[in-house]
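When reading the values below, keep in mind they use all heavy atoms of this one structure, side chains included, and skip hydrogens, waters and symmetry mates.
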Amino acid sequence: MRLHLIDGTYELFRCYFGAPRATAPDGTEVGAIRGLLATLNALLSDPDTTHVGIAFDHVIESFRNDLFTGYKTGEGLPEDLTAQFPLAEEAAHALGLTVWPMVEFEADDALASAAMRFHEHPDVTQVLLCTPDKDLAQCVRGERVVMHDRRKKVSLDERGVEEKYGVPPASIPDLLALVGDDADGIPGLPGWGMKSAAVVLQRYRHLEAIPDDDKHWDVKVRGAANLAASLREQRNNAVLYRTLATLRSDAPVSESLDEIRWHGARRNELEALCHRVGERGLLERIGRWR
């Protein structure tokens with residue numbers, strides 16, 4: 001069987017910016033929730049979908065904010081989006097999914113932890129990390145653990161990660177440390193870009209192995225002297241940035257594989273939620289009830 005691990009926060013954001021706006025009977029904005037219900041039900045309508053876990057950032061801040069003050073926060077997010085966060089978790093639970101609401105950790109950490117825990121299980125043929133977020137590329141293992149973009153209907157295995165980013169999955173945190181990640185508030189090091197970082201890491205794999213002096217590099221990179229100086233002067237920062245970009249495998253994901261099996265939507269919960277958000281047609285499309 002294939003295990004689907006879904007980045008619920010990403011799905012909610014995607015629905016907020018992509019689905020039509022809609023208001024509940026009480027006047028609150030619920031378009032993202034209606035979109036989330038629809039897209040998750042579409043996944044569950046596939047007979048091959050049997051085991052599903054979904055993770056949410058219950059709060060935006062995590063332990064990483066204690067490590068670096070510039071790390072992402074919820075500041076600037078639309079209020080009518082953040083107001084739908086609790087409803088998103090309720091919607092996933094009402095559909096019968098195993099829900100992991102993260103507080104100290106992030107949703108990505110929950111997915112990484114679940115992938116690590118189950119990818120070698122004898123009953124699991126493949127783990128699908130349902131997100132296009134490059135952070136999760138570090139979790140890809142051969143063809144056993146893959147990233148799956150549900151919107152584009154494409155998957156990236158280990159070879160695909162290396163072709164897209166220029167480095168193997170294990171070097172993704174090092175890559176993000178050098179080039180930065182605007183979405184997470186990781187600034188990266190001055191001068192380093194995707195191409196230069198990929199070339200250097202393809203050779204050295206990790207930050208510690210990159211010589212301080214570019215004269216000791218055995219790869220050709222434009223501006224090598226400046227890049228080496230940047231890393232030499234900010235190596236401690238680079239190591240911190242890599243820590244921020246490294247997903248944890250000890251997030252609170254305690255369910256057994258059998259407990260993640262999808263048994264159908266929870267009728268009472270889903271009916272009540274649909275009434276609250278003014279969703280009229282979803283109930284008729286539910287393929288299985290508990």
So, are Arg34 and Glu29 salt-bridged, with charged N and O less than 4.0 Å apart? no

Looking at Arg276 and Asp26, does any basic side-chain N land under 4.0 Å from a carboxylate oxygen? no

What about [X] and [Y], same hydrophobic cluster or not, with Ile/Leu/Val/Met/Phe/Trp/Tyr joined at side-chain heavy-atom distances under 4.5 Å?
{"X": "Leu3", "Y": "Trp100", "answer": "yes"}
{"X": "Phe63", "Y": "Leu240", "answer": "yes"}
{"X": "Leu175", "Y": "Leu178", "answer": "yes"}
{"X": "Phe105", "Y": "Leu129", "answer": "yes"}

Indicate yes or no for a side-chain donor-acceptor contact from [X] to the backbone of [Y] under 3.5 Å, with no hydrogens or angles considered.
{"X": "Thr9", "Y": "Phe56", "value": "no"}
{"X": "Glu259", "Y": "Arg261", "value": "no"}
{"X": "Ser230", "Y": "Pro190", "value": "yes"}
{"X": "Gln138", "Y": "Leu247", "value": "yes"}
{"X": "Glu269", "Y": "Leu95", "value": "no"}
{"X": "His206", "Y": "Glu208", "value": "no"}
{"X": "Arg144", "Y": "His119", "value": "yes"}
{"X": "Glu158", "Y": "Gly142", "value": "yes"}
{"X": "Asp214", "Y": "Trp217", "value": "no"}
{"X": "Ser171", "Y": "Asp174", "value": "no"}

Atom [atom1] in [X], atom [atom2] in [Y]: separation rounded to 0.5 Å?
{"X": "His4", "Y": "Thr98", "atom1": "NE2", "atom2": "OG1", "value": "14.0 Å"}
{"X": "Trp192", "Y": "Leu201", "atom1": "CH2", "atom2": "CG", "value": "7.0 Å"}
{"X": "Arg248", "Y": "Ser113", "atom1": "CZ", "atom2": "OG", "value": "8.5 Å"}
{"X": "His58", "Y": "Glu106", "atom1": "NE2", "atom2": "CD", "value": "14.5 Å"}
{"X": "Cys130", "Y": "Asp7", "atom1": "SG", "atom2": "CG", "value": "9.5 Å"}
{"X": "Ser62", "Y": "Asp109", "atom1": "OG", "atom2": "CG", "value": "7.0 Å"}

Mind listing the side-chain donor-acceptor pairs of residues 218-227 below 3.5 Å, one per line with the distance, residues two or more places apart or on another chain?
unit_1: Asp218; atom_1: OD1; unit_2: Arg203; atom_2: NE; d: 2.8
unit_1: Asp218; atom_1: OD1; unit_2: Tyr204; atom_2: OH; d: 3.1
unit_1: Asp218; atom_1: OD2; unit_2: Arg203; atom_2: NE; d: 3.1
unit_1: Asp218; atom_1: OD2; unit_2: Arg203; atom_2: NH2; d: 3.0

What I want to check is whether the side chains of Tyr16 and Asp80 have a donor and an acceptor closer together than 3.5 Å. yes

I need the minimum non-hydrogen distance between Pro25 and Gly278, along with the two atoms involved. CD-N, 3.7 Å

For Arg242 and Leu176, run side-chain contact (heavy atoms from CB on, under 4.5 Å): C-alpha distance rounded to whole Å, both residues' side-chain angles, the deciding distance at 0.1 Å, then the answer. CA-CA 7 Å; Arg242 183 179 61 185; Leu176 296 176; over 6 Å; no

Does atom [atom1] of [X] have more than 12 heavy-atom neighbours from other groups under 6.0 Å away?
{"X": "Glu255", "atom1": "CD", "result": "yes"}
{"X": "Met116", "atom1": "CE", "result": "no"}
{"X": "Asp123", "atom1": "CG", "result": "yes"}

Answer whether the closest heavy-atom distance between the side chains of [X] and [Y] falls below 4.5 Å.
{"X": "Val127", "Y": "Val146", "answer": "no"}
{"X": "Leu273", "Y": "Leu37", "answer": "yes"}
{"X": "Lys134", "Y": "Asp181", "answer": "yes"}

Under the ring-ring contact (aromatic ring centres under 6.0 Å, His included) rule, what pairs show up with a residue in residues 238-282, not counting sequence neighbours? Phe68-Tyr241

N/O donor-acceptor pairs under 3.5 Å from side chains in residues 159-169, not counting sequence neighbours:
unit_1: Arg159; atom_1: NE; unit_2: Glu163; atom_2: OE2; d: 3.3
unit_1: Glu162; atom_1: OE2; unit_2: Gln202; atom_2: NE2; d: 3.2

Begin from the C-alpha positions of Ile260 and Phe118 and carry the test side-chain contact (heavy atoms from CB on, under 4.5 Å) through to its verdict. CA-CA 11 Å; Ile260 301 175; Phe118 295 117; 3.5 Å; yes

Among Thr131, Thr39, Leu43, exactly one meets side chain to side chain contact (heavy atoms under 4.5 Å, CB included) together with Ile6. Which residue is that? Leu43

Between Asp108 and Asp57, does the side-chain contact (heavy atoms from CB on, under 4.5 Å) criterion hold? Intermediate values first, please. CA-CA 9 Å; Asp108 288 354; Asp57 293 306; over 6 Å; no

Please determine whether side-chain contact (heavy atoms from CB on, under 4.5 Å) holds for the pair Lys72 and Arg64, giving the CA-CA distance in whole Å, both sets of side-chain angles, and the decisive distance to 0.1 Å. CA-CA 9 Å; Lys72 68 179 179 182; Arg64 292 179 175 88; over 6 Å; no

